[in-house]
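Notes follow once the structure below has been shown.
It should be emphasised that the depicted structure is a prediction, and the values quoted were computed from it without experimental measurement. Throughout, protein chains are lettered first and strands after them, A, B, ... in sequence-line order, and every chain is numbered starting at 1.
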Number of protein chains: 2
Amino acid sequence: MSREQRQSWQEIRDRIHGRILSGDFRPGDKLPRDADLAEALGCARSTVQRAMQDLSDSGFVERRRKGGSRVRPDPVTRATLDIPVARKEVESRGSTYGYRLISREVGPPPHAVQAAFGATFSQAMLRVQALHLADARPFILEDRWIVPETVPEALELDVSEVNVNEWLVKHKPYDKLDMRFYAEQAGAERADILGVDPGAALLMIERTTWIDGAPITTVRSSTAPGYQLVSQS
Amino acid sequence: MSREQRQSWQEIRDRIHGRILSGDFRPGDKLPRDADLAEALGCARSTVQRAMQDLSDSGFVERRRKGGSRVRPDPVTRATLDIPVARKEVESRGSTYGYRLISREVGPPPHAVQAAFGATFSQAMLRVQALHLADARPFILEDRWIVPETVPEALELDVSEVNVNEWLVKHKPYDKLDMRFYAEQAGAERADILGVDPGAALLMIERTTWIDGAPITTVRSSTAPGYQLVSQS
DNA sequence: TAGTGGTCTAGACCACCGG
DNA sequence: CGGTGGTCTAGACCACTAT
């Protein structure tokens, strides 16, 4: 008789994944219960659980309590991006990092900023514009708005010395993050600051963070031409 | 005496995370072993394991066998992107999807394509250029190269009828994916195809996939102005 | 080679949600 | 309300790697 081999959750995942790819399970189909899969595949239920968890994270299946597992009808490709602190990114390229404060002001946020937070805030906010340099050349221009009610210490910061970006990352945890990427042409002013031709295509990165539902900060980063975001693994 | 409450791995994670944020554990510090944390926090080791796994996935800590766990010295913000199949994306916006083949040819790949695969391939490849439409307006222009040795069926496909993009997603699994995003100005030809002004800023998406080390396909997608990539949660 | 994280198992209970 | 996925526990063994 055959002996059951010990199987890793990756093997179990691949076996199930294989049956999806082979058309054995088709998009929209309901999959067997974890317990039944476990028995059929000859492993513990928690191993199936782990495998299905991964398939769910990867976007191949949807899971619902009581509803069971289904093959996701619309395939997606999922990518993970690491956005390091600007200084780290510059240094990892072997360049020398530099930081230059461009402006600091306190005032009412424009509509675009309020929209980023998904609400209307009539209160004044702290705005900081700064330039990250790589070997003394412009690398990223960031335009940041900070909500003083959530981050009162920010008003006291000497932003000409302290890198607000890194200060926030180190001291202000968030539990909600909205991030978006798009392309935009450089206007005259931005082109001048970044040292590029007006109309150059810039990759824009927008980040907005909240903690316990309270808005922390939103930042629009204009990256210099040639900048690329690369997915992990 | 006090009774130990049953704790979820999220609670355990937050307690450890809290000690990192509070400066109790500083960047670069070595954390206690899982077993010690479990005892200190009053839960099973596997619960700590799950919590640390999440902190590792989120980029807060680094884990190494024998080496133990350390607070990651360089903070990163991590974002997950879902890139749906073009048709799904168009339909989810309430628009009508359309597909138009622009060209199909077999020939030697340019250096840029070989570079994407990280190797030199002198063999001929299948190139397919196609346009995805939203309400009859250009949405995404894709320029794809397929390796016939890995995907022999592709040569037989009637690409004027079949959406190669979706065909590959459904039938060709991959185990390695490289994805990158950048901004680029539209040249005259692309501007014409996409129906935009020459010089417009376009968000570019590059995807390259492998299976068992063998290259499958690489595609450069030029998205129409206004296109945004938005992170999940 | 020994220490540490990674995983598997078996069993139990919980939480959500469809019928 | 009952079925299904989600999680916790305790214990054992494995795999990687720092020392």
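Atoms CD1 (B/Ile12) and C1' (D/dG6) sit 17 Å apart, rounded to a whole Å. Taking atom CH2 of residue A/Trp9 and atom C1' of nucleotide D/dG5, one finds them 18 Å apart after rounding to whole Å. Between A/Asp54 atom CG and D/dG5 atom P the separation is 17 Å, expressed in whole Å. Atom pair A/Gln10:CD and C/dT7:P shows a separation of 6 Å (rounding to whole Å applied). Here the P atom of nucleotide C/dC14 and the CD atom of B/Gln7 are 16 Å apart, to the nearest Å.
A close approach under 4.0 Å does not occur between any side-chain nitrogen or oxygen of B/Ser46 and OP1 or OP2 of D/dT7.
Residue B/Lys176 holds its NZ atom at 10.5 Å from OG1 of B/Thr209, rounded to the nearest 0.5 Å. Here the CD1 atom belonging to B/Ile140 is positioned 10.5 Å from the CG atom belonging to B/Leu133, to the nearest 0.5 angstrom.
Listed by first and then second residue, the ring-ring contact (aromatic ring centres under 6.0 Å, His included) pairs that reach into residues 31-82 of chain A are A/His17-A/Phe60, sequence neighbours excluded.
Donor-acceptor pairing under 3.5 Å, judged by distance alone, is absent between the side chain of A/Arg50 and the base of C/dG6.
A side-chain donor-acceptor contact under 3.5 Å links A/Ser95 and A/Asp135.
Other residues, nucleotides and ligands contribute more than 12 heavy atoms inside 6.0 Å of the CD atom of A/Glu153. Dense packing is recorded around CD of B/Gln228, with more than 12 heavy atoms of other residues, nucleotides or ligands lying under 6.0 Å away.
The side chain of A/Arg45 sits closest to C/dA12 out of D/dC8, C/dG5, C/dA12. Across D/dT7, C/dC8, C/dG5, the shortest atom-to-atom separation from the side chain of B/Gln49 is found for C/dG5.
Residues A/Phe139 and A/Tyr97 place their aromatic rings such that the two centres sit no closer than 6.0 Å.
Within a heavy-atom distance below 4.0 Å of DNA chain D, the residues of residues 60-70 of chain A found are A/Arg63, A/Arg64, A/Arg65, A/Lys66, A/Gly68, A/Ser69. Shown for residues 27-38 of chain A: no residue has heavy atoms falling under 4.0 angstrom of DNA chain C.
Across the interface with DNA chain C, nearest-nucleotide mapping of A/Thr47 and B/Met52 shows B/Met52 to be the residue nearer the 5′ end.
In this structure, B/Asp54 pairs ionically with B/Arg13, as a charged nitrogen and a carboxylate oxygen lie closer than 4.0 Å. Ion pairing between a basic and an acidic side chain is recognised when a charged N comes within 4.0 Å of a carboxylate O; B/Arg63 and B/Asp34 show such pairing.
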